[in-house]
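Below: the structure, in structure tokens.
The structure presented is a predicted model; accordingly, all values stated were derived computationally and were not measured. Position 1 is the first residue of the sequence, and the numbers go up from there.
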Amino acid sequence: CVVITSLMLSGCTSSKLSMNNSDFEDNASMEDAASMEDESFDLVKVDEIVKVEKEELVNDGTANYLYKQGVKYEEGKGTTVDVLKAESFYKQAMEKGSIDAMNALGVLYMNNGDFDQAKKYFEMAAAKNDEIANYNLGNMTFLGNKSNQNLKAIEYYKKAALKNYAPAYVALGDMYATGKGITHDASKAEEYYLKAADLNDDQAIDRLALLYLLQDGMEVDTDNTQNSIKTVKLFQRVADKGNPKAMYVLSLLYQNGFYVEADTDKAVEYLKKSADLKYPEAEYSMAYLYLTGMYVEKDYKKGIQLMTSAANNGFPDAQNNIGMLYLKGELVPKDLSLAKSWLEKASNNGSAMAEYNLAIVYDAGMGVPVDSKKAGSLYLRSAESGYLPAFGKVVEMYANGSKGVNKSNEKAREWLDKAIENDDSDAMLLKANAYFHGNYGYAKDMALAKKWLDNAKKLENPNVSTVENSWKRTERYKKFQNVKK
């Protein structure tokens, strides 16, 4: 089987700060792409952060006003979250006929575990033929339902589906695909998923692709199967309807030759179309192409604009890269405040690489007061998320008892071994040095030191010769000291 990954998921590291690279074809890092000292270019200025206009609610006493006030207090939009106030406004809106308020009350009570009250409000909205209420009632029928048949759920979902509510089609597809509440039927599941996909529902597209993959089996060693053909037709069908995710997936298929003959021109064509529709992953990948001049004419301004747009659309890798460009002042004016802001956004969105970069910002005091404890906390978070460059930092922290952690050779060795398990050649060099010098609680052992040095050499670590030379200097110094004695 084929596992499709993002064009821009792999990361590479400099000795200090890290940016993402692309596995679109080569391994040039963003850092390398941005560091172009042989070329002259003007710094690019773009709008960094999308400003969202605040909606001013005018108290006109309508159901819509009351409903939006309820949303405001439930979600804490510009105010403190107050569920009781939200409930009060929803009830006032409901009395004026707001179906949205009925559904909102149903969800509110459901989240509080009061399923009887939740059902009451959903049924009130469903009586007005509301598709969302019928969908919610369908979901509620599974609560405590242990039977193999759940015809009531199907009844509710079909009512919602009659109004072309895509999640209801997906729910019906899920029931037939999993056999939960109805007899398993892959063709029925496909039928409902296709209906949702035709409504541009991304969930349905994912479910269908998975359904086809599972029908082929995980050990299929060819892409030329009936289901692989159906997969391509699915994405083509949905892309033709203007779905940016489907366009992005097609770009991956054509770039990598999955299920289709590899065609770089088609890959870039679909990628551009997806980016034009503001699909963050596509914007991000297209930005890389413009910054490197790969497959397209190099255009720094377009590259930065697309990267910024992807960042504004919440894509963490793009947020990390924009933060790094501002930190270094490459292609954009240097701005440590903006750099920190973007790295924090990326970190909050789960980027382990951004956590590592942000840790270095606090560690070195780049535009902020030095804060070793905060840096240490970020290094740990990054390492716990599996970002290899952070492992070495954590090893040093425990070895020295620094950056907010207590000294522990045991934990230093533990993190060193975790890095080595991931084939980190830098960690192998650290272990070689540890055996040579007797660090981290290891007894000095020249044989083991050479073993780990050789392992790092096999992985072509560029720092091997530096370590070898340092050992030679140490040995020469020892001999000199012995001669003096």
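- With hydrogens and angles disregarded, no donor-acceptor distance shorter than 3.5 Å links the side chain of Ser347 to the backbone of Glu344.
- In terms of heavy-atom proximity, Thr80 sits nearest to Tyr73 at O-CD2, 3.9 Å.
- One finds no salt bridge joining Asp363 and Lys374 here, because no Lys/Arg side-chain nitrogen approaches an Asp/Glu carboxylate oxygen to under 4.0 Å.
- Side-chain rings of Tyr169 and Tyr193 stay apart, their centers remaining 6.0 Å or farther from each other.
- Between the side chain of Ser274 and the main chain of Pro244, a donor-acceptor pair closer than 3.5 Å is present.
- At least one donor-acceptor pair under 3.5 Å links the side chain of Thr141 to the backbone N or O of Gly138.
- With sequence neighbours excluded, the residues satisfying side chain to side chain contact (heavy atoms under 4.5 Å, CB included) with Ser385 are Ala352, Glu355.
- Between Phe258 and Leu252, the closest side-chain pair of non-hydrogen atoms is not below 4.5 Å.
- Remark: the Tyr156 side chain and the Asn136 side chain contain no N/O donor-acceptor pair separated by less than 3.5 Å.
- Leu380 has its side chain within reach of Met397: a pair of non-hydrogen atoms, C-beta onward, lies under 4.5 Å apart.
- Side-chain contact check for Tyr356 versus Leu378: every heavy-atom pair is 4.5 Å or farther apart.
- The main-chain N or O of Gln305 is never found under 3.5 Å from a side-chain atom of Ser309 such that the two would form a donor-acceptor pair.
- Taking the six-membered ring where the residue is Trp, Tyr121 and Tyr109 present parallel rings, their angle staying beneath 30° rather than reaching 60°.
- At a threshold of 4.0 Å, the pair Glu190-Lys230 counts as salt-bridged, since one of the basic side-chain nitrogens sits closer than that to a carboxylate oxygen.
- Distance alone, capped at 3.5 Å, places no donor-acceptor pair between the Ser377 side chain and the Lys373 backbone.
- Here the side chains of Asn103 and Ile99 are in contact, with some heavy-atom distance below 4.5 Å.
- Separation of atoms CZ (Arg237) and CG (Asn243) is listed at 12.5 Å; rounding is to 0.5 Å.
- Counting only distance, with no hydrogens or angles, the side chain of Asp114 and the backbone of Met110 share no donor-acceptor pair below 3.5 Å.
- With hydrogens and angles left out, the side-chain atoms of Gln319 and Tyr284 include no donor and acceptor closer than 3.5 Å.
- A distance of 11.5 Å separates CE of Met286 from CE of Met307, quoted to the nearest 0.5 Å.
- Between Arg207 and Asp174 a salt bridge is recorded (basic side-chain N to carboxylate O distance below 4.0 Å).
- By the 4.5 Å heavy-atom criterion applied to side chains, Val260 and Leu250 are not counted as neighbours.
- Asp240 and Gln236 are linked by a side-chain donor-acceptor pair at a separation below 3.5 angstrom, with hydrogens and angles left out of the test.
- Note that the CG atom of Leu338 and the OH atom of Tyr326 stand 5.5 Å from one another [nearest 0.5 Å].
- For the pair Lys273 and Tyr270, the distance from NZ or CZ to the six-membered ring centre is under 6.0 Å and the angle to the ring normal is within 45 degrees.
- Side-chain N or O atoms of Ser285 include one that pairs as donor or acceptor with a backbone N or O of Glu281 at under 3.5 Å.
- A salt bridge between Asp424 and Lys418 is absent, with no side-chain N of the basic residue lying under 4.0 Å from a carboxylate O of the acidic one.
- To the nearest 0.5 Å, atoms CG (Leu331) and NZ (Lys301) are separated by 13.0 Å.
- Phe89 and Leu66 get closest at one heavy-atom pair: CB-O, 3.4 Å.
- Taking the six-membered ring where the residue is Trp, Tyr135 and Tyr165 present perpendicular rings, their angle passing 60° and hence far from 30°.
- A side-chain donor from one of Glu74 and Tyr90 sits under 3.5 Å from a side-chain acceptor of the other.
- For residues 394-415, the set of pairs meeting the side chain to side chain donor-acceptor pair (under 3.5 Å) definition, not counting sequence neighbours, is empty.
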